[in-house]
Amino acid sequence: MVEKYRPQEIEPKWQKRWEEDGIYRATEDPSKPKFYMLTMFPYTSGDLHIGHWYAMAPSDAHARFRRMQGYNVMYPMGFDAFGLPAENAAIRYGIHPYTWTMRNVENMRRQLKSMGPAHDWSREVVTCLPEYYKWNQWFFLKFYEAGLAYRALAPVNWCPKDQTVLANEQVIDGLCERCGTPVVKRDLEQWFLRITKYAEELLDFSKVIDWPEKTILMQQNWIGRSEGVEVAFPVEGHSEEIRVFTTRPDTIYGVTFMVLAPEHPLVPKLTTPDRWPEVEAYIEQTRRETEIERLSTEREKTGVFIGAYCRNPLSGERVPIFIGDYVLLTYGTGAVMGVPAHDQRDFDFAKKFGLPIKVVIAPPGWQGGELTEAYVGPGVMVNSGPFDGLPNERGKEAVTEYVEQHGLGKRTVAYRLRDWLISRQRYWGTPIPIIYCDNCGIVPVPEKDLPVLLPPDAEFKPTGESPLKYHEAFVNTTCPRCGAPAKRETDTMDTFVDSSWYFLRYASPDYQDGPFDPKKVEFWCPVDQYTGGAEHATMHLLYARFFIKALRDLGLVKFDEPFLRLYHQGHIIVQRQKMSKSRGNVITPDPYVAELGADTVRAYLMFLGPWEQGGEWDDSGISGVHRWLNRVWRLVLGTHEDIRAGNVPAGEPAENDIRNLRRITHKTIQKVHNDLDRFQFNTAIAALMEFVNHLYKFRETPVLGTPAWREAIESLMLMLAPITPHLAEELWVRTGHPYSIHQQRFPTWDPALVVEEEVTLAIQVNGRVRDRITVPADMPEEEIKALALKSPRVQAQLNGKEVVNIIYVPRRLVNVVAR
RNA sequence: GCCGGAGUGGCGGAAUUGGCAGACGCGGCGGUCUCAAAAACCGCUCCCCGCUAAGGGGGUGGGGGUUCGAGUCCCCCCUCCGGCACCA
């Protein structure tokens, strides 16, 4: 009788042993190809839930698979530890963000380790520790020197009652989440990183090996490159001109109005006194709107005439100037030339304000009638002076030429991408290493004075702008340049700065002389395989790419892209929602681990469905996976005992059975290998389940105990090693193999053994299956077709109809087409 | 709204990328073993007509199309999910 499978005993045992032996510790061993495997590090929210395991367990299986393929794998783990939730917890529970965060780190580390992962914990990085954030500051200084960091006015959400800056998340329907006061926008001097300098290069994915198409597409759309022309419209009675960016210079004769972003700097200057009260009120109103609202094409257009006019530089026509919230200051020049006939938003605006709609690109068959909607298609230019008669595509070029030659404007490329605002008016983040001196102005903190430590005793509650502002000992300092009394910058950095380079720190986490040891980074980086949620497609993943390109240009790294391959896992949701403490729907792995073992939970999470898709948490199927692991346990140990005791079915093993067993073994190896390679864990496990089902049948035959049987059982254990590492190790050692299975090679398949000798073909008549025939795999096409036609069921279906075609798809089907 | 995805039995999902729809598992039904239960094992299980047969019909969110053949490709629509620059 086989001993019972007790994961609660074997799992801690092996975890301890692996850790003691350091079998997952990565070293710079050049004898094997390196493989840097990385999972997005978790935010230290405190509730490590089944969703974290969902992200980590399959990724761990992939890392283990790569190790078994002979790669020198570095698979580190760390914690993203700065951010808003720590401050919220501090306010709610009166606990210091540091204490809260580090307590969460402890707990999350313990829970992660109970999964039995192959992480190299000696490389752990925690971003809220000074030895980490010091280097955020160091990078900031480098960026500043290189002109990549600059200060500018930018709006923040401001709650007038709480006197505090709010994150977008804290604004619910335009109201402060704490007190319900309407939130307004307020301009503050803030720090930016010049990501737009890299817009063009960031569009290029040719140096990436394998990223999901959709992620590339989302980043490209996010960057939003468009080619066009910037044209200056002189303002009547002023020396100023309004510069507009347009991708449709061919429609310039159709301009009937001009719309400026309400925040446009020329608005106060150009607005006539009689229009000012209304204009000012509209600007105020706009400042309460979100960008999503403003860009919605659904809602009715709004705007206000400012009383001023400009002149169309080509047609000479007089054009009234409006402001409208659908124009954003951050895109193009913050001004739009209104061409209602050929842009739907302009059309809606013109209808609303009774402005003329002048057709300048004739729609096909147009008789000069009124349009019911904007015509955005191609056509011939009309009402466009010297350009009349040109097809509009050529017209674009001609107008651009004209504009450039007459000094009215120039070709430009506009990007939707904006510079990265990194200032946060928060406590729990990296202090920005800048000092403001009355004599010297903006003075960067000298490198030798880093880190600028976050004072532990600050009043981090939301009592004002930047919490650090009220920490006198922090704020008041002396100017490093002239020695006069000076003040520190009190804003902290966006936490996306932390996550833009943490993967470099893993290469040398204890390095003191810089953010990383250049030699170690050169050895390990870039990341070969990155996994994480698709919600990071446009922000984190773009910021990290920007960071690496900037570091490259600073001479700090030698590669262009941080992550060569990328895979997105989906998310586990509960009651159709993301798990969160506040919703009270957090599922932790702990009780499942206690009852069924980590291996069962790991395998179940991988078996649930395509990793990419995630899904609703439902534990009703977990017993099936646990049952299966029990079957594996009894199969491997039971047959091991039977063979040793000579207790095998009598008789000679049939040649055919041996051949079949070997084919099934090798086909399974091929399938599991390919699936683990492509993150298709669910089908890998399904294949392993089928394999085990087959082995239970073969167990009843004399092949039990043959070399083919041993090959099957060893392959099974090795294939399970990445998925259920503890079970695999226990079985491996118990069946007399040398520790550790995690230092073995993944089995390989023999292509010659995988091919089927016979195939079953579906026989269709007009696309419906009517019969099946089993034929030798190498039977010639003509014979197969003849055989198909002979089938009585086919004949019954044909019933005198004329056969017009016979389609043969090798190894699949025959389709008889009849009329 | 804009950008990007997804939709297949009672449930999670599979389908070699245009070739037998429903692998594998859950659940359900029936059985073996047992004093009994659990565990384990065996069989059946997309829907409808039909005798639990032979056989036939329908079927991958809805509607249309391309094709010998569509879950897969194209067009329109519906629903759900992710992101929208201060949640990370």
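Keep in mind that this is a model prediction, so the values were computed, not measured. Protein chains get the first letters and strands the later ones, always in sequence-line order, with residue 1 at the start of each.
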Original post:
What is the nucleic acid contact for A/R631, judged by heavy atoms within less than 4.0 Å: base, sugar-phosphate only, or nothing?
Top reply: sugar-phosphate

Original post:
In whole Å, what separates the P atom of B/C87 from that of B/G82?
Top reply: 15 Å

Subject >> Integer angstrom distance from the C1' of B/C47 to that of B/G22 >> reply: 13 Å

Original post:
Does any N or O donor sit under 3.5 Å from an N or O acceptor when you compare the side chain of A/Q425 with the base of B/C86?
Top reply: yes

Subject >> Whole-Å C1' distance, B/C76 and B/U66 >> reply: 15 Å

Original post:
A/R768 side chain N/O closer than 4.0 Å to the phosphate oxygens (OP1, OP2) of B/G55?
Top reply: no

**OP:** Return the set of residues passing salt bridge (charged side-chain N to carboxylate O under 4.0 Å, His left out) with A/E690 (not counting sequence neighbours), or none when no residue passes.
**Re:** none

Between N or O atoms, less than 3.5 Å apart, protein on one side and nucleotides 68-72 of chain B on the other: list the pairs.
{"residue": "B/C68", "atom": "O2", "partner": "A/N815", "partner atom": "ND2", "Å": "2.6"}

Original post:
Can you name the residues that form a salt bridge (charged side-chain N to carboxylate O under 4.0 Å, His left out) with A/R345, not counting sequence neighbours?
Top reply: A/D343

**OP:** State which residues pass ring pair (Phe, Tyr, Trp, His ring centres under 6.0 Å) with A/F347; sequence neighbours excluded, sorted by chain then number.
**Re:** none

**OP:** Using the C1' atoms only, state how far B/G62 lies from B/C68, rounded to an integer number of Å.
**Re:** 26 Å

Would you tabulate the pairs of protein nitrogen or oxygen atoms and nucleotide nitrogen or oxygen atoms of nucleotides 45-47 of chain B closer than 3.5 angstrom?
none

Original post:
Using a cut-off of 4.0 Å on non-hydrogen atoms, how would the nucleic acid contact of A/R793 be classed: base, sugar-phosphate, or nothing?
Top reply: sugar-phosphate

Original post:
With A/V336, which residues qualify under side-chain contact (heavy atoms from CB on, under 4.5 Å), at least two apart?
Top reply: A/V327, A/D346

Original post:
Looking at residues at least two apart in the chain, or sitting in another chain, which of them share a salt bridge (charged side-chain N to carboxylate O under 4.0 Å, His left out) with A/E189?
Top reply: A/R151

**OP:** Going 5' to 3' through nucleotides 76-85 of chain B, assign each nucleotide B (protein heavy atom under 4.0 Å from a base atom), S (under 4.0 Å only from sugar-phosphate atoms) or - (no protein heavy atom that close).
**Re:** ----S-BSBB

Show each protein N/O and nucleotides 6-14 of chain B N/O combination with a separation under 3.5 Å, one pair to a line.
{"residue": "B/G12", "atom": "O2'", "partner": "A/L608", "partner atom": "O", "Å": "2.5"}
{"residue": "B/G13", "atom": "O3'", "partner": "A/N682", "partner atom": "ND2", "Å": "3.4"}
{"residue": "B/A14", "atom": "OP1", "partner": "A/N682", "partner atom": "ND2", "Å": "2.8"}

**OP:** Give a yes/no verdict on a cation-pi contact between A/R602 and A/W53, requiring under 6.0 Å between NZ or CZ and the six-membered ring centre and an angle within 45° of the axis.
**Re:** no

Original post:
Can you name the side-chain contact (heavy atoms from CB on, under 4.5 Å) partners of A/S500, sequence neighbours left out?
Top reply: A/W420, A/Y543, A/F547

Original post:
Roughly how far apart, to the nearest Å, are B/G13 and B/G7 at atom P?
Top reply: 9 Å

Subject >> Toward the 5' end of RNA chain B, by each residue's nearest nucleotide, A/K697 or A/F496 >> reply: A/K697

**OP:** Please determine, by modelled atom types, if A/D325 and A/T286 share a side-chain donor-acceptor pair under 3.5 angstrom.
**Re:** no

Subject >> Residue matched to B/C29 through Watson-Crick or wobble contacts both under 3.5 angstrom >> reply: B/G43

**OP:** Using the C1' atom on both, measure B/G71 against B/A21 and round to a whole Å.
**Re:** 8 Å

Subject >> Under the side chain to side chain donor-acceptor pair (under 3.5 Å) test, residues paired with A/Y415 that sit two or more places apart >> reply: A/E200

Shorter than 3.5 Å, N or O on both sides, protein versus nucleotides 28-33 of chain B: list them out with atom names.
none

Original post:
How far, in whole Å, is B/C75 from B/G4 if one measures between their P atoms?
Top reply: 13 Å

Subject >> Paired nucleotide for B/U66 [Watson-Crick or G-U wobble; both distances under 3.5 Å] >> reply: none

Subject >> For B/G59, the Watson-Crick or wobble partner whose two distances fall under 3.5 Å >> reply: none

**OP:** With the side chain of A/A167 defined as its heavy atoms from C-beta on, choose the nearest nucleotide among B/A21, B/C86, B/G1.
**Re:** B/C86

